[in-house]
*Asks:* 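Sending over a structure as structure tokens; questions will come in a sec.
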Amino acid sequence: MADLESQISPLAAGNLRRERTSKCFVYLLAGFVIFLAALLFAVLVLRVKSPEIKLSFVTVKNLNDSSWPPSFNTTLAAEMTVKNPNLGYYEFEPSTVSFLYGGSRVGNSRLVKGEARGKKTARVSFGVDVRSNRLPEGPNTLANDIDSGMVRLSGSAVVSGRLTLWIINKSVTGKMDCTMTLVVKSKTIEGLVCRK
Ligand SMILES: *[C@@H]1O[C@H](CO)[C@@H](O)[C@H](O)[C@H]1NC(C)=O
Ligand SMILES: *[C@@H]1O[C@H](CO)[C@@H](O)[C@H](O)[C@H]1NC(C)=O
Ligand SMILES: *[C@@H]1O[C@H](CO)[C@@H](O)[C@H](O)[C@H]1NC(C)=O
């Protein structure tokens with residue numbers, strides 16, 4: 001009985017040691033892989049960017065104006081683009097685009113929901129009625145602007161939605177902020193610029 005120990009050959013002991021060493025190596029490797037995956041995940045989640053929202057065009061379908069009392073009504077046709085700069089799939093909810101004159105809302109339109117695949121752009125077309133009699137009471141520059149024939153308008157919207165990529169499901173919101181000039185004489189929209 002006492003020499004049971006001595007019966008284990010040096011070769012078997014060596015194998016046992018080698019087995020332990022390789023098991024240890026497998027655990028280390030697994031730990032390293034999990035660490036890398038967590039790091040990659042964190043980087044991807046942290047790097048989710050807001051969608052880029054713009055008006056690609058705005059055209060005048062109809063315009064009536066009067067210099068006294070100063071007033072204008074116009075029907076515009078436009079398109080909003082939602083560019084998804086991320087790799088994942090972006091699904092956005094219905095939003096509202098507002099048109100403002102001197103900071104006050106003169107028209108708005110409810111837009112449909114949509115989706116944009118990774119690195120792709122979604123397009124939403126819409127029409128909007130803009131009426132100056134929606135301006136609040138009080139002094140404004142409308143008489144001047146209609147006289148000069150250049151009416152500065154801005155268009156804004158907030159688009160919210162969810163970005164999904166593998167197990168990532170994150171709420172992502174983008175803002176639109178555009179300015180343009182309604183040229184009364186030619187019944188056109190000029191100088192459309194959207195801030196990034
Ligand atoms: C614009 O529409 C309003 C009614 O919504 C009307 O009272 C006004 O006279 C119109 N202005 C012009 C220039 O047609
Ligand atoms: C402009 O006036 C015409 C005729 O009165 C009317 O049919 C049209 O709807 C008006 N346009 C707007 C944008 O109010
Ligand atoms: C993402 O999460 C929201 C709720 O937080 C859920 O309504 C939606 O279905 C999820 N999307 C996916 C693709 O799992």
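First listed ligand is number 1; within each ligand, the first listed atom is number 1.
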*Asks:* For ligand 2, which atoms, with element, lie under 4.0 Å from some heavy atom of Thr74?
*Replies:* 13 (C)
*Asks:* Look at atom 2 (O) of ligand 2 and say whether a protein heavy atom is found at less than 4.0 angstrom from it.
*Replies:* yes
*Asks:* Have a look at ligand 2 and work out which part of Leu63, if any, has a heavy atom under 4.0 Å from it: side chain, backbone, both or neither.
*Replies:*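 Contact part for Leu63 vs ligand 2: neither.
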*Asks:* Do any nitrogen or oxygen atoms of Ser71 come within less than 3.5 Å of a nitrogen or oxygen of ligand 1?
*Replies:* yes
*Asks:* Starting from atom 13 (C) of ligand 2, find the nearest protein heavy-atom neighbour and note its residue, name and distance.
*Replies:* Thr75 OG1, 3.4 Å
*Asks:* For atom 11 (N) of ligand 3, state whether the nearest protein heavy atom is under 4.0 Å away.
*Replies:*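 Within 4.0 Å: yes, protein heavy atom nearby.
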*Asks:* Which atoms of ligand 2 have any heavy atom of Asn64 under 4.0 Å away?
*Replies:*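 The atoms of ligand 2 under 4.0 Å from a heavy atom of Asn64 are 1 (C), 2 (O), 3 (C), 8 (C), 10 (C), 11 (N), 12 (C), 14 (O).
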*Asks:* I need the nearest protein heavy-atom contact for atom 7 (O) of ligand 3: residue, atom name and distance, please.
*Replies:* Arg162 CD, 5.0 Å
*Asks:* Mark the output for Lys61 as yes if a heavy-atom distance to ligand 2 is under 4.0 Å, and as no if none is.
*Replies:* no
*Asks:* Is there a path of hydrophobic side-chain contacts, each under 4.5 Å between heavy atoms, that joins Phe126 and Ile53?
*Replies:*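 Yes: a chain of side-chain contacts under 4.5 Å links Phe126 to Ile53.
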*Asks:* Does any N or O atom in Asn169 lie less than 3.5 angstrom from one in ligand 3, N or O only?
*Replies:*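 Min N/O separation from ligand 3 is below 3.5 Å for Asn169.
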*Asks:* Does an N or O anywhere in Asn73 fall below 3.5 Å from an N or O of ligand 1?
*Replies:*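 In this structure, Asn73 places an N or O atom under 3.5 Å from an N or O of ligand 1.
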*Asks:* Check Leu142 against Pro70 and note the closest heavy-atom contact, atom names and distance.
*Replies:*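 Closest approach of Leu142 to Pro70: CD2-O, 3.6 Å.
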*Asks:* What are the atoms of ligand 1, with element, lying closer than 4.0 Å to any heavy atom of Asp65?
*Replies:*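 Heavy-atom distances to Asp65 below 4.0 Å select 13 (C).
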*Asks:* Quick one: look up the protein heavy atom nearest atom 5 (O) of ligand 1 and list residue, atom name and how far away it is.
*Replies:*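 For atom 5 (O) of ligand 1, the nearest protein heavy atom comes out as Asn133 ND2, 3.5 Å.
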*Asks:* Can you hop from Trp166 to Leu87 via hydrophobic side chains spaced under 4.5 Å?
*Replies:* yes
*Asks:* Taking 4.0 angstrom as the limit and counting only heavy atoms of Arg131, give me the atoms of ligand 1 inside it, by number and element.
*Replies:* 1 (C), 2 (O), 5 (O)
*Asks:* With side chains defined as the heavy atoms from C-beta onward, is the minimum distance between Ser95 and Met80 less than 4.5 Å?
*Replies:* yes
*Asks:* Determine whether Ser171 and Arg162 make a side-chain contact, defined as any pair of heavy atoms from C-beta on separated by less than 4.5 Å.
*Replies:* yes
*Asks:* Give the atoms of ligand 3, by number and element, whose distance to some non-hydrogen atom of Thr164 is under 4.0 Å.
*Replies:*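 Near Thr164, meaning under 4.0 Å from one of its heavy atoms, ligand 3 has 12 (C), 13 (C).
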*Asks:* Any luck finding a side-chain donor-acceptor pair between Thr96 and Arg110 under 3.5 Å?
*Replies:* yes
*Asks:* Take the angle between the ring planes of Tyr101 and Phe72 and call it parallel below 30°, perpendicular above 60°, tilted in between.
*Replies:* perpendicular
